[in-house]
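Structure first, then comments.
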2 protein chains.
Amino acid sequence: MSAQEENVLPMGMFMDLERSGPIPLYFQVSQRIEKAILSGELPAGSRLENEVALGQRLGLSRPTVRRAIQEIVDKGLLVRRRGIGTQVVHGQVTRRVELTSLYDDLTNTHKVPSTHLLTLESQPADAKTAERLGVDEGSPTLHLRRVRLADDVPVAVMENWLPAEFIGIEPTDLVAHGLYQVLRSRGVTMRVARQHIGARKSTAEESALLEIEKSSALLTMDRTAFDNSGRAVEFGQHCYRPDLYSFEVTLVEK
Amino acid sequence: MSAQEENVLPMGMFMDLERSGPIPLYFQVSQRIEKAILSGELPAGSRLENEVALGQRLGLSRPTVRRAIQEIVDKGLLVRRRGIGTQVVHGQVTRRVELTSLYDDLTNTHKVPSTHLLTLESQPADAKTAERLGVDEGSPTLHLRRVRLADDVPVAVMENWLPAEFIGIEPTDLVAHGLYQVLRSRGVTMRVARQHIGARKSTAEESALLEIEKSSALLTMDRTAFDNSGRAVEFGQHCYRPDLYSFEVTLVEK
DNA sequence: GACCTGATAATGTCATGACAACTAGCCAAA
DNA sequence: TTTGGCTAGTTGTCATGACATTATCAGGTC
């Protein structure tokens, strides 16, 4: 039946490693392997060269090779089995879900994003917002509400609350860029996000904003994002037109 | 403002490591740290003892300690910063999303799952099913359709297709257990799953099955799951009552 | 007082070596 | 024929050591 092909990486591969540059060796290797999988050079089901041999051929230690392979395993493209080896997962390949904003997603899929700014104001935190952001109830927050369009078609209504330190953000920034771009330009680096994804019917206002019929089905997402010091930098309640947007998740069992 | 507390793990901790048992040392350590975070012993924002010191105190090498910490970073509970240290992420803690079935989820939340089996038949693969399962179009598959209930309330309608080797599965198995339980008992271990999450309106039949009004909003999930050899073992199209179920996702930027 | 500089401390990367655990395949014995 | 064990191959775990990179902070200089 499906023969376990013994495909091995071509000998000439991986020979152009930048050993003195700032890019880690394991990252250079993992990128090349991932590229080989996505390009079909390593077909589904084929076996990867074993760690020790690969390391010898590349002049790398086994831990470095292991880490490179592990990166791709975590993306769901490779599967390892002790005593057997490492194989390419079957099935159509999909890009990994990363910590991006809707604005980034649209840019990556070659659509033109734009924004209608509905609300931008300072607002005292209610109980829920205070809990999500980890601030005191009643303390000032930046409250914003936007409609995001892709190629001039409305895709999402997004409502967000940010800690007081961001109250200086200007409307022009939010119209020209995504929220995450604005935050990054202010020196914030998002590291962890916790999302809840659900569904509900649209309200009359949302139906009008998204140009859909009343009481349509909406895809909803609540998110709290944390920066690299572990503090909450954003809490948002978004709703999406389900015919134009969906979430993609890859799970890997350890 | 928020003082960076210098909390350090209590000295008596981690002293009961099972060095000869089958459980890896890094896993024992990561479990204890995670437990300390979830129990509040390590409060949000507190700093973890540095890797070298922690390793010395536990009698472990630095790679082992590093791996233990990395496990928790990947779960979104810790954040590392070079030159600074490792801190506990703020915000309410949530369990990690793992590769589980709805049946497992319900059991874990102390609800009583049950199943109505609507369809269980052998069916030739159509184009879409063939592509998702990686089999030839027209080749036999096992087709099943179920309603999943929690505490006797319908939560989801689930339609699944499995490769031909599973055609022997009995109705009694599926009524008494979840699909993933049945697969595991047949020696299959799921390793990777790719999911698409969306929303749409319910059909008349789905509304009746889920005991909701017609044209309600539904949360939908399409999934293809792969075993440890990288072969597809299941393709499913599920829809959930959004008032009773939602998805939780944690993203970590590398 | 503002700015530069160095010391300090912490995580990030990489190498080397060793042994354990698991799988598949071959081969011999019952 | 079937069962069992042995062997080779591969990933999993762990230790030790070294250096690089980055952030903080104290102190000196202009």
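The sequence lines fix the lettering, A, B, ..., with proteins before strands; numbering per chain opens at 1.
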- [ ] Can you tell me the distance, in whole Å, between the CD atom of Gln87(B) and the P atom of dT11(C)?
- [x] 11 Å

Task: Given dA15(C), dT11(D), dT11(C), the nucleotide with the shortest approach to the side chain of Arg19(A) - done: dA15(C)

Open item on the list: Could you work out, with ring pair (Phe, Tyr, Trp, His ring centres under 6.0 Å) as the rule, every residue matching Phe247(B), not counting sequence neighbours?
Closed with: Tyr240(B), Tyr245(B)

Just list the side-chain donor-acceptor pairs under 3.5 Å for residues 136-143 of chain A, sequence neighbours left out, or say none.
{"unit_1": "Ser139(A)", "atom_1": "OG", "unit_2": "Asp136(A)", "atom_2": "O", "d": "2.7"}
{"unit_1": "Thr141(A)", "atom_1": "OG1", "unit_2": "Gln123(A)", "atom_2": "O", "d": "2.7"}
{"unit_1": "His143(A)", "atom_1": "ND1", "unit_2": "Glu121(A)", "atom_2": "OE2", "d": "2.9"}
{"unit_1": "His143(A)", "atom_1": "NE2", "unit_2": "Glu159(A)", "atom_2": "OE2", "d": "2.8"}

Task: Distance in angstrom units between Gln28(B) CD and dT13(D) P, rounded - done: 12 Å

TODO: For Val52(B) and for Leu25(A), locate the closest nucleotide of DNA chain C by heavy-atom distance; then report the residue assigned to the nucleotide nearer the 5' terminus.
DONE: Val52(B)

Task: Any pair counted as salt bridge (charged side-chain N to carboxylate O under 4.0 Å, His left out), so long as it reaches residues 58-70 of chain A, sequence neighbours left out - done: Glu51(A)-Arg62(A), Glu51(A)-Arg66(A), Arg67(A)-Glu71(A)

- [ ] Give the rounded distance in Å between these two atoms: CG of Asn228(A) and C1' of dA23(D).
- [x] 11 Å

- [ ] Provide, to the nearest angstrom, the distance between the CD atom belonging to Glu51(B) and the P atom belonging to dG12(C).
- [x] 6 Å

- [ ] Measure from CG on Leu58(B) to P on dC14(D) and round the result to the nearest Å.
- [x] 13 Å

Please list, pair by pair, any protein nitrogen or oxygen found under 3.5 Å from a nitrogen or oxygen in nucleotides 4-8 of chain D.
none

- [ ] For residues Val73(B) and Arg80(B), report the shortest heavy-atom separation together with the two atoms involved.
- [x] CG2-CG, 3.6 Å

- [ ] Decide whether Gln70(A) and Lys75(A) meet the rule of one side-chain donor and one side-chain acceptor closer than 3.5 Å.
- [x] no

Open item on the list: I want to check one thing: is the phosphate of dC14(D), taken as OP1 and OP2, less than 4.0 Å away from some side-chain N or O of Tyr26(B)?
Closed with: no

Open item on the list: On the nucleotide dT11(C), are OP1 or OP2 found under 4.0 Å from the side-chain N or O atoms that Thr86(B) carries?
Closed with: yes

Task: Main-chain N/O of Glu18(B) paired to Gln28(B) side chain as donor or acceptor, under 3.5 Å - done: yes

Task: Ion pair Glu234(B)/Arg223(B), N-O distance below 4.0 Å - done: yes

- [ ] Indicate whether OP1 or OP2 belonging to dG12(C) is found under 4.0 Å from a side-chain N or O atom of Arg66(B).
- [x] yes

- [ ] Can you tell me the distance, in whole Å, between the CZ atom of Arg67(A) and the C1' atom of dG12(D)?
- [x] 17 Å

Task: Separation of dT11(C) C1' from Arg47(B) CZ (nearest whole Å) - done: 11 Å

Task: Separation of dT13(C) C1' from Arg80(B) CZ (nearest whole Å) - done: 12 Å

Task: Pairing of Arg57(A) and Glu49(A) as salt bridge, 4.0 angstrom limit - done: yes

Open item on the list: Holding to side-chain contact (heavy atoms from CB on, under 4.5 Å), I want the full list of residues that pass it with Pro24(A), two or more places apart in sequence or in another chain.
Closed with: Tyr26(A), Phe27(A)

Open item on the list: Categorize Gly55(A) for me: base, sugar-phosphate, or nothing, with a 4.0 angstrom heavy-atom threshold over every strand shown.
Closed with: nothing

- [ ] For each nucleotide in nucleotides 16-26 of chain C, reading 5' to 3', give B when a protein heavy atom comes within less than 4.0 Å of its base, S when such contact involves only the sugar-phosphate, and - otherwise.
- [x] B-B--BBBS--

